[in-house]
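Worksheet for the structure shown next.
Each chain gets a letter, A, B and so on, in the order the sequences are listed, and its residues count up from 1.
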2 protein chains.
Amino acid sequence: MSRKETINWNGCPIRYAASVFADRWNFVILRDVLFKGRRYYGDFLDAGEGISTNILADRLSKFEETGILTRHQDAKKRSRIYYLPTPKALELIPIFLSIIDWAERHDEHTEVPEAFIQGYRLDADKTIADTEQLIALANAQVTNIQ
Amino acid sequence: MSRKETINWNGCPIRYAASVFADRWNFVILRDVLFKGRRYYGDFLDAGEGISTNILADRLSKFEETGILTRHQDAKKRSRIYYLPTPKALELIPIFLSIIDWAERHDEHTEVPEAFIQGYRLDADKTIADTEQLIALANAQVTNIQ
DNA sequence: GTGATTCACTTGTAAAATGCAAGTGAACTG
DNA sequence: CAGTTCACTTGCATTTTACAAGTGAATCAC
């Protein structure tokens, strides 16, 4: 028996976040964008995680709708499509670093590099800034800025 | 989420975290445990989010398996069941505060109290400690510690 | 120029997860 | 001891996902 009350999800920050990215494939895609420099549709497929093409297309278009990613055509080969993180996506970095920190402490099979996590624990702001730098580099590569 | 694949995530922390809590109902349950003092099975149902009894039971038992919650009988009324957060769950507090911070900035309908979020931005560690205190109080209430 | 290939999806369908309503049994209450 | 509370479980319809196979536009090879 479900005892239902008025459903009011409005304004709850956790519910809002859940609606944007609380899903295992969303986690993987955001990891790829924020930490692995992946930008092309094909990059996400080949990441070895086994995401299906229809699910990937679905998640990418939802990330467009929610303002996390923007979709672009490659300048030199227009059939290639890349996705860039928005500022709203960059602001997820602290969340994901915090998740990495937590997982490193609780997953006995973790492969988080020792130096990385120690650097983060010593100076989180620096790790955030470094991550932003790497993201900017990855963006520059696909947008062919010289 | 509930597929029996425990293998080949290669120690990736984001994948690990995804396997433990990347799901909308998991987000809601953890919010209830960490910030709203909910402990009883019935509390989660009556939270107004509309979770079904079978899904709630499924998620609670998975949180037991993953070491996030522990299940207990109420001392005075043994048919009542409560769930307590483990240290592993408490260590999720920084993640969830970070999520609240992000959502507050991007959800135009946010209802995060101004004072709360400003306090967090001024001194995150204090907000984490305060949250731990409130959790300890909520735990003490159901365990009847005097 | 044309046929093959790359690329980013879309479509079809079976399997799995979810949502909803009802049921169950143990524990408590009057 | 009959009725109620409680924490689930069960059955079933709907929705979502996974997997495989297209599709059509763009590019490449010759």
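Legend: residues meeting side-chain hydrogen bond (donor to acceptor under 3.5 Å, both in side chains) with A/Asp46, ordered by chain and number and at least two apart, are absent. Checked against side-chain hydrogen bond (donor to acceptor under 3.5 Å, both in side chains), A/Asp130 has the following partners two or more places apart in sequence or in another chain: A/Lys126. A search for ring-ring contact (aromatic ring centres under 6.0 Å, His included) contacts involving A/Phe63 returns nothing, not counting sequence neighbours. Residues passing the ring-ring contact (aromatic ring centres under 6.0 Å, His included) test with B/Phe96, sequence neighbours excluded: B/Phe27. Residues forming a ring-ring contact (aromatic ring centres under 6.0 Å, His included) with B/Trp102 (at least two apart in sequence, or on another chain): A/Tyr16, A/Phe21, B/His106. Scored by the ring-ring contact (aromatic ring centres under 6.0 Å, His included) test, B/His72 finds B/Tyr82 as partners (sequence neighbours excluded). In terms of the salt bridge (Lys or Arg N to Asp or Glu O under 4.0 Å) criterion, B/Lys36 has no residue partners (sequence neighbours excluded).
In this structure, B/Arg80 does not reach the D/dT4 phosphate: none of its side-chain N or O atoms is under 4.0 Å from OP1 or OP2. Considering only side-chain N and O atoms, B/Trp25 lies under 4.0 angstrom from the phosphate OP1 or OP2 of C/dG19.
Separating the CZ atom of B/Arg24 from the P atom of D/dT17 is a distance of 11 Å, rounded to the nearest angstrom. A/Ile29 places its CD1 atom 14 Å from the C1' atom of C/dC9, with the value rounded to the nearest Å. As a whole-Å value, the separation of A/Ile55 CD1 from D/dC19 C1' is 10 Å. The nearest whole Å value for the distance from the CG atom in A/Asp23 to the C1' atom in D/dT17 is 10 Å. Atom CG in B/Asn26 sits about 14 Å away from atom P in C/dA17, given to the nearest Å.
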Look for any protein N or O under 3.5 Å of an N or O in nucleotides 11-13 of chain C and output each such pair with its distance, or none.
none

Show the distances under 3.5 angstrom between N or O atoms of the protein and N or O atoms of nucleotides 27-30 of chain C.
from   : atom 1 : to      : atom 2 : distance (Å)
C/dC28 : OP1    : B/Arg78 : N      : 2.3
C/dC28 : OP2    : B/Arg78 : NH2    : 3.3

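Residue-to-nucleotide proximity on DNA chain D shows that, of B/Tyr82 and A/Asp58, the 5′-proximal contact is made by B/Tyr82. Taking the nucleotide of DNA chain D with the nearest heavy atom to each of A/Arg59 and B/Ala57, the more 5' of the two is matched to B/Ala57.
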Item to complete: Kindly indicate, with the supporting measurements, whether the criterion salt bridge (charged side-chain N to carboxylate O under 4.0 Å, His left out) is fulfilled by B/Glu111 and A/Arg15.
Response: CA-CA 11 Å; B/Glu111 288 177 9; A/Arg15 272 315 294 233; over 6 Å; no

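Not one N or O on the side chain of A/Ser52 forms a donor-acceptor pair closer than 3.5 Å with the backbone of A/Asn54. In this structure a side-chain-to-backbone donor-acceptor pair under 3.5 Å is present from B/Ser61 to B/Asp58. A/Thr86 places a side-chain N or O within 3.5 Å of a backbone atom of A/Ile68 that can act as its donor or acceptor partner.
Heavy-atom distances under 4.0 Å link DNA chain D to no residue of residues 31-46 of chain A.
For the pair A/Tyr83 and A/Ile29, the minimum side-chain heavy-atom distance is 4.5 Å or more.
Remark on the helix from C/dG1-D/dC30 to C/dG30-D/dC1: inter-end axis angle 20°, axes from five-pair C1' superpositions, rounded to 10°.
B/Tyr83 comes within contact range of the sugar-phosphate backbone alone, with a heavy-atom separation under 4.0 Å but no base atom that close.
Just one residue in the list A/Arg31, A/Arg24, A/Arg38 forms a salt bridge (Lys or Arg N to Asp or Glu O under 4.0 Å) with A/Glu49, and that residue is A/Arg31.
Listed by first and then second residue, the ring-ring contact (aromatic ring centres under 6.0 Å, His included) pairs involving residues 108-138 of chain B amount to none (not counting sequence neighbours).
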